[in-house]
Amino acid sequence: MAASAAPSASGSFQGESEDYELPWVEKYRPSLLKDIVGNQETVSRLEIIAKDGNVPNIIISGPPGIGKTTSILCLAHELLGPSYKEAVLELNASDDRGIDVVRNRIKMFAQKKVTLPPGRHKIIILDEADSMTAGAQQALRRTMEIYSNTTRFALACNQSSKIIEPIQSRCAMLRYTRLTEKELLKRLMEICQFENVNYSPDGLEAIIFTSEGDMRQAINNLQSTHSGFGFVSADNVFKVCDQPHPVVVQDLIRGCITADLQKALERIEELWNQGYSGLDIISTLFKVVKSYDMAEYLKLEYMKDIGICHMQMIDGIQSLVQLSGLVARLAKRSMNPNDFDFDR
């Protein structure tokens, strides 16, 4: 039996029978540039390019899940319309993109003749371009120049510094930033309305907290919580995402600020005994401290101590002793030095 028509991310309706099988990330992926959430100034530049038609070579860089690939796909659809399928070559990091692919497949596509509207070009999309080998990037630089009359390149990457400078100089650089809480909340509430999701305000807050400005992760967490529990509450979200509960972490920080070392150590041991890894605990600790209402100078000192401990953990020293030492250092900052002397 065919599924009923479902609304897309732009509010229009799609009547495909496969809609109910799609992950919400794909179901609500914008198809027009004006529907993209966040980075409005940068997206408005792409809208001007789509209107004028003469697209330059582009590099879009930024963290994962903020709309880089979606922006390029929307731009290609708006530029090429019905010619999209034959005039676009999309290569992802999952495809082989070594030097042979650049010399053969990309070069052959650039040479291919395609009938396009005036002022339009073929587009080669290289997703996760920062994972291309140095040799492939070197081979690409010349191809970009030779076929510039007919073909343009759009590269999406997490770190633009991993793209060689000769390619960077041939492209317009667009930088995307993480999405704000307000932008995430607006889209999540739209999806909740379309999918009839039951939620509590603290449930959406928890999703925004766990996603850290990543729209893809936020939508995935929303769908997972809805599928698993049928109701999106803070407790359910943290069960699905399997992160330390911020309330326990806030209690830990409160213990450090009030110099109640015993209480803080009990909280860190409680999280450790629940099976969370040291990196899970310290990542959540950093996120909570960042938004915790405390003296600014103390917050900066806490973040410095947490950052140093995080580096040590990445080197492989993940233990309860390491975390307990961090808690002791944090609590020491709130203690009266006349009463406590740790160096004695």
Side-chain angles (χ1 to χ4, degrees), residues 9 23-26 28-30 33-47 58-75 93 127-131 154-163 168 172-192 201-225 232 234 237-238 240-244 246 249 279-280 282-293 296 299-300 302-304 306-307 310-311 314:
W24 290 356
V25 170
E26 295 303 326
Y28 295 98
R29 186 186 286 272
L33 284 168
K34 65 183 178 65
D35 297 324
I36 291 173
V37 175
N39 297 291
Q40 289 306 315
E41 288 186 11
T42 317
V43 172
S44 63
R45 289 168 65 187
L46 292 177
E47 287 178 334
I58 296 172
I59 294 175
I60 300 183
S61 70
I66 55 171
K68 303 186 298 294
T69 306
T70 299
S71 298
I72 292 173
L73 293 174
C74 290
L75 176 65
D127 205 357
E128 309 295 340
D130 47 356
S131 66
L155 285 68
C157 62
N158 297 134
Q159 294 175 284
S160 59
S161 58
K162 291 187 177 179
I163 306 289
Q168 289 188 44
M173 181 75 74
L174 304 177
R175 299 192 189 277
Y176 277 23
T177 56
R178 291 191 183 277
L179 305 181
T180 64
E181 292 184 3
K182 195 178 289 185
E183 290 163 346
L184 285 169
L185 181 62
K186 184 184 175 189
R187 178 50 60 92
L188 289 174
M189 290 183 74
E190 285 175 6
I191 295 172
C192 287
D202 67 333
L204 293 186
E205 279 181 28
I207 287 175
I208 291 168
F209 176 83
T210 55
S211 63
E212 293 188 86
D214 182 333
M215 179 66 78
R216 186 192 296 123
Q217 189 176 353
I219 296 173
N220 278 332
N221 290 350
L222 177 68
Q223 185 175 10
S224 301
T225 309
V232 180
V237 169
F238 287 114
V240 168
C241 300
D242 201 25
Q243 287 190 12
V249 178
L279 287 173
D280 282 341
I282 204 161
S283 297
T284 306
L285 184 61
F286 185 81
K287 282 192 279 186
V288 173
V289 165
K290 205 163 54 170
S291 58
Y292 197 86
D293 186 17
E296 192 68 25
K299 182 184 286 190
L300 292 172
Y302 273 31
M303 290 169 76
K304 182 178 82 173
I306 293 168
H310 195 181
M311 284 170 54
I314 289 170

Is there a side-chain contact between Val37 and Lys186, using heavy atoms and a 4.5 Å cut-off? no
With Phe209, which residues qualify under ring-ring contact (aromatic ring centres under 6.0 Å, His included), at least two apart? none
Answer yes or no: is there a side-chain heavy-atom contact under 4.5 Å between Arg187 and Ile191? yes
With respect to Lys68, which candidate in Asp127, Leu155, Asn158 satisfies the side-chain contact (heavy atoms from CB on, under 4.5 Å) definition? Asn158
Go through the steps for Ser224 and Val237 under the test side-chain contact (heavy atoms from CB on, under 4.5 Å), then give the verdict. CA-CA 8 Å; Ser224 301; Val237 169; over 6 Å; no
Using a 4.5 Å cut-off on heavy atoms from C-beta on, say whether the side chain of Pro244 contacts that of Phe238. no
Spacing of Met311 atom CE and Ile306 atom CD1 [to the nearest 0.5 Å]: 14.5 Å
Side chain to side chain donor-acceptor pair (under 3.5 Å) filter on Ser160, not counting sequence neighbours, yields Arg175
Search all heavy atoms of Ile36 against all heavy atoms of Cys74 and return the closest pair with its distance. CD1-SG, 4.2 Å
For Gln40, side chain to side chain contact (heavy atoms under 4.5 Å, CB included) partners two or more places apart: none
Could you tell me which residues satisfy salt bridge (charged side-chain N to carboxylate O under 4.0 Å, His left out) with Glu205, sequence neighbours excluded, listed by chain and number? none
Rounded to the nearest 0.5 angstrom, the CD-CG distance for Glu181 and Leu185 is 9.0 Å
Mind checking whether Ile66 and Met215 have side chains closer than 4.5 Å, heavy atoms only? no
Across all chains, not counting sequence neighbours, the side chain to side chain donor-acceptor pair (under 3.5 Å) partners of Thr180 are Glu183
Could I get the full list of side chain to side chain donor-acceptor pair (under 3.5 Å) partners for Thr70, not counting sequence neighbours? Arg29
Contacts of type side chain to side chain contact (heavy atoms under 4.5 Å, CB included), residue Leu75, not counting sequence neighbours: Leu33, Leu46, Ile49, Ala50, Val55, Ile58, Leu79
Applying side chain to side chain contact (heavy atoms under 4.5 Å, CB included) to Lys290 and not counting sequence neighbours gives Phe286, Met303
Any side-chain heavy atom of His310 within less than 4.5 Å of one from Leu279? yes
Would you compute the distance between atom CG of Leu222 and atom CG of Leu184 and round it to the nearest 0.5 angstrom? 11.5 Å
Which residues pass the side chain to side chain donor-acceptor pair (under 3.5 Å) test with Ser283, sequence neighbours left out? none
Let me know which of Thr42, Ile60, Leu174 forms a side-chain contact (heavy atoms from CB on, under 4.5 Å) with Ser71. Ile60
Could you name each residue pair satisfying side-chain hydrogen bond (donor to acceptor under 3.5 Å, both in side chains) that touches residues 207-221, not counting sequence neighbours? Thr210-Asn221
What residues, two or more places apart in sequence or in another chain, satisfy side chain to side chain contact (heavy atoms under 4.5 Å, CB included) together with Thr177? Asn39
If the condition is salt bridge (charged side-chain N to carboxylate O under 4.0 Å, His left out), which residues does Lys299 pass it with, not counting sequence neighbours? none
Return yes when atom CD of Gln168 has more than 12 non-hydrogen atoms of other residues, nucleotides or ligands closer than 6.0 Å, and no otherwise. yes
Compare all side-chain heavy atoms of Glu128 with those of Cys157 and state whether any distance is below 4.5 angstrom. no
NZ of Lys182 to CD1 of Ile208, rounded to nearest 0.5 Å, is 11.5 Å
